[in-house]
Amino acid sequence: AEAYRRLAYAWHADFDNEENNLPELALEYYEQALAIYQAELGEGSEEVRMVRQNMARLLAEQQQDAQKSLELMQQNLQHQTDPEQIAEIHKNMSEVYADTLGDFAQAISHFQVYLDHACAVYGAESDFAADCYRDLAELYWQDGQKEAAAQYYERALEINIRELGRQYLLPDLFKSMLTGVLKAVGQERDPDDLMVRSMSAAESFDDLGMLYQDEGQSKKALKAFEKALALRQWVFDMPIKEIGDSYKNIAEVWEELDDTEKARQYYEQAAEIYTATIEADEKDGRAIFLSEAEECREALIEIAEILEDL
């Protein structure tokens, strides 16, 4: 059984090699290992649970036989007593329901179990919980429950901004979100941490803004996009594509609100940022920046067409 398990894992670890039928071979060896472990050690053994877990993961990765993957996970649930492992299984089941089956109601139900465990272990106001709220918001959005999605995005962002406000001197735009927070008074202590966390929050404000746009709540969308822009400008003192995207998002909302003058102003600012970004990216010359420069060019073409019609 151990030999079969090791062979299966070897094929599984190398399943990206398209020249061989590696997933099928891995599953074949897993099944042989599973049969022996079940006969010799019993259904509740750790070895059986591990093989089932690997089989379920492989099926999910390949997006093959989602029902079989879920069945394996469900069997592991029946023999699992560790709360952390139970929560992780529910999270994995949520991913299969969402990514493979498109059953977001079931995905939400299973992810909620994972979230409850995360809140119990890390706290409902922790950064870890905030990440979970954001993931749950995306599931609600995909399920068409936009009001619930907005609530979870807002909850995640409230935690993120309050935590940033405890460590860094945030722009005044976030003052209302920092009520009762003992604010930082010194200089930023970790620039890398600041960039990662603020850019992540900016992306979440973008998601929230787009959700509000879908709901026709333009003024709420505007506030979310303005916060995303403020975070990006706060972190970067040079033009980057994401700042251009923020200006463009705000311009689109002003256009929806029939304020042509402000829409034109923000579109033009976006165009300036995109142009400067192209120059910097082409000077750098690396493939990733050249690809970004091409995206900026496409945005510039779109803006030029919009400005002609304004």
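Along the sequence shown, residues are numbered consecutively beginning with 1. Being a predicted model, the structure only gives us computed values, none of them experimental.
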From His117, Lys91, Gln80, residue fulfilling side chain to side chain contact (heavy atoms under 4.5 Å, CB included) relative to Ile86: Gln80

pair Leu34-Tyr4: side-chain heavy atoms closer than 4.5 Å: no

Apply salt bridge (charged side-chain N to carboxylate O under 4.0 Å, His left out) to Lys248 and list each qualifying residue two or more places apart in sequence or on a separate chain. Glu252, Glu302

Give the cluster check for Leu70 versus Leu59: same hydrophobic cluster or not, with ILVMFWY residues linked at side-chain heavy-atom distances below 4.5 Å. no

Please lay out, stage by stage, how Glu226 and Phe205 fare under the test side chain to side chain contact (heavy atoms under 4.5 Å, CB included). CA-CA 9 Å; Glu226 286 175 341; Phe205 275 118; over 6 Å; no

Using a cut-off of 6.0 Å, state whether more than 12 heavy atoms not belonging to Asp172 lie near its atom CG. no

Tell me whether Ile273 shares a hydrophobic cluster with Val253, the cluster being built from Ile, Leu, Val, Met, Phe, Trp, Tyr side chains joined at under 4.5 Å. yes

Would you call Tyr266 and Trp254 a side-chain contact if the rule is heavy atoms closer than 4.5 Å? yes

dist Asp127:CG -> Leu164:CG (nearest 0.5 Å) comes out at 8.0 Å

Is the shortest heavy-atom distance from the side chain of Glu125 to the side chain of Arg155 under 4.5 Å? yes

Does a side-chain heavy-atom distance below 4.5 Å link Leu101 with Gln106? no

Does Tyr153 reach the side chain of Trp141, with side-chain heavy atoms less than 4.5 Å apart? yes

Atom of Cys296, atom of Ile278 and distance for their closest heavy-atom approach: CB-CG1, 3.5 Å

With Gln78 via side chain to side chain contact (heavy atoms under 4.5 Å, CB included) - residues at least two apart: Gln74

Where at least one partner belongs to residues 53-99, residue pairs that pass ring-ring contact (aromatic ring centres under 6.0 Å, His included), sequence neighbours excluded: His90-His110, Tyr97-His110

I'd like to know whether NZ of Lys223 has more than 12 heavy-atom contacts from other residues, nucleotides or ligands below 6.0 angstrom. no

Leu310 versus Glu255, closest heavy-atom pair with distance: CD2-OE2, 3.9 Å

What pairs with Glu46 under side chain to side chain contact (heavy atoms under 4.5 Å, CB included), at least two apart in sequence or on another chain? Arg49, Met50

Applying salt bridge (charged side-chain N to carboxylate O under 4.0 Å, His left out), name anything that partners Glu84, two or more places apart in sequence or on another chain. none

Got Asp281 and Leu290 here, is their nearest side-chain heavy-atom distance under 4.5 Å? no

Which heavy atom in Ala202 sits nearest to a heavy atom in Ala228, and how many Å separate them? O-CB, 3.5 Å

Using the test side chain to side chain contact (heavy atoms under 4.5 Å, CB included), find all partners of Glu31 that sit at least two apart in sequence or belong to another chain. Met55

How close do Ala276 and Pro239 get, heavy atom to heavy atom, and via which atoms? CB-CG, 3.6 Å

Side chain to side chain contact (heavy atoms under 4.5 Å, CB included) against Glu158, all qualifying residues, sequence neighbours excluded: Arg162

Measure across Ala270 and Gly244 and return the closest heavy-atom pair with its distance rounded to 0.1 Å. CB-O, 3.5 Å

Those residues that, when tested against Arg264, pass salt bridge (charged side-chain N to carboxylate O under 4.0 Å, His left out) (two or more places apart): none

Spell out, yes or no, whether Phe236 and Leu173 are grouped together once hydrophobic residues are joined by side-chain heavy atoms under 4.5 Å, including indirect joins. yes

Counting only N and O atoms by type, is there a donor-acceptor contact under 3.5 Å from the side chain of Ser109 to the main-chain atoms of Ala105? no

So, taking the atom named CD in Glu47 and the one named CD1 in Ile36, what distance separates them when rounded to the nearest 0.5 Å? 12.5 Å

Cluster question for you: counting only ILVMFWY and a side-chain heavy-atom cut-off of under 4.5 Å, with indirect links fine, are Ile250 and Leu300 together? no

Can you list, by chain and residue number, the hydrophobic cluster partners of Tyr133 when the side-chain cut-off is 4.5 Å? Phe104, Ile108, Phe111, Tyr114, Leu115, Val121, Tyr122, Phe128, Leu136, Leu139, Tyr140, Tyr152, Ile159

One should read off an interatomic distance between Leu211 CG and Lys220 NZ, to the nearest 0.5 angstrom, of 10.5 Å

side-chain hydrogen bond (donor to acceptor under 3.5 Å, both in side chains) between Gln67 and Glu71: does it pass, once the steps are laid out? CA-CA 6 Å; Gln67 292 299 338; Glu71 178 184 325; over 6 Å; no

Sidechain N-carboxylate O distance under 4.0 Å for Glu279, Lys283: no

With a 4.5 Å cut-off on side-chain heavy atoms, are Glu268 and Leu307 touching? yes

Side chain to side chain contact (heavy atoms under 4.5 Å, CB included) between Glu292 and Thr277, intermediate numbers included: CA-CA 9 Å; Glu292 180 182 74; Thr277 301; 3.6 Å; yes

Steps toward side chain to side chain contact (heavy atoms under 4.5 Å, CB included) verdict (Leu7, Tyr30): CA-CA 8 Å; Leu7 280 169; Tyr30 277 136; over 6 Å; no

Gap between atom CG of Leu231 and atom CH2 of Trp234 - 0.5 Å precision: 7.0 Å

Contacts of type salt bridge (charged side-chain N to carboxylate O under 4.0 Å, His left out), residue Glu295, not counting sequence neighbours: Lys241

Starting from Val196, walk the hydrophobic network (Ile, Leu, Val, Met, Phe, Trp, Tyr; side-chain heavy atoms closer than 4.5 Å) and list everyone else you reach, by chain and number. none

Got a sec, which pairs hit side chain to side chain donor-acceptor pair (under 3.5 Å) with one end in residues 197-216, sequence neighbours left out? Arg134-Ser204, Glu154-Tyr212, Asp193-Arg197, Asp206-Arg232, Gln213-Glu256

Looking only at non-hydrogen atoms, find the nearest pair between Ala230 and Pro171 and report the distance. O-CG, 4.3 Å

Verdict with reasoning, Glu242 to Ser246, per side chain to side chain contact (heavy atoms under 4.5 Å, CB included): CA-CA 6 Å; Glu242 288 79 3; Ser246 285; 5.8 Å; no

Do Ile303 and Tyr247 sit in one hydrophobic cluster, given that two such residues count as connected whenever their side-chain heavy atoms are within less than 4.5 Å of each other, even indirectly? no

Check: Ser45 and Val48 side chains under 4.5 Å, non-hydrogen atoms: yes

Quick check against the 3.5 Å criterion: does Asp284 have a side-chain atom that pairs as donor or acceptor with the backbone of Arg286? yes

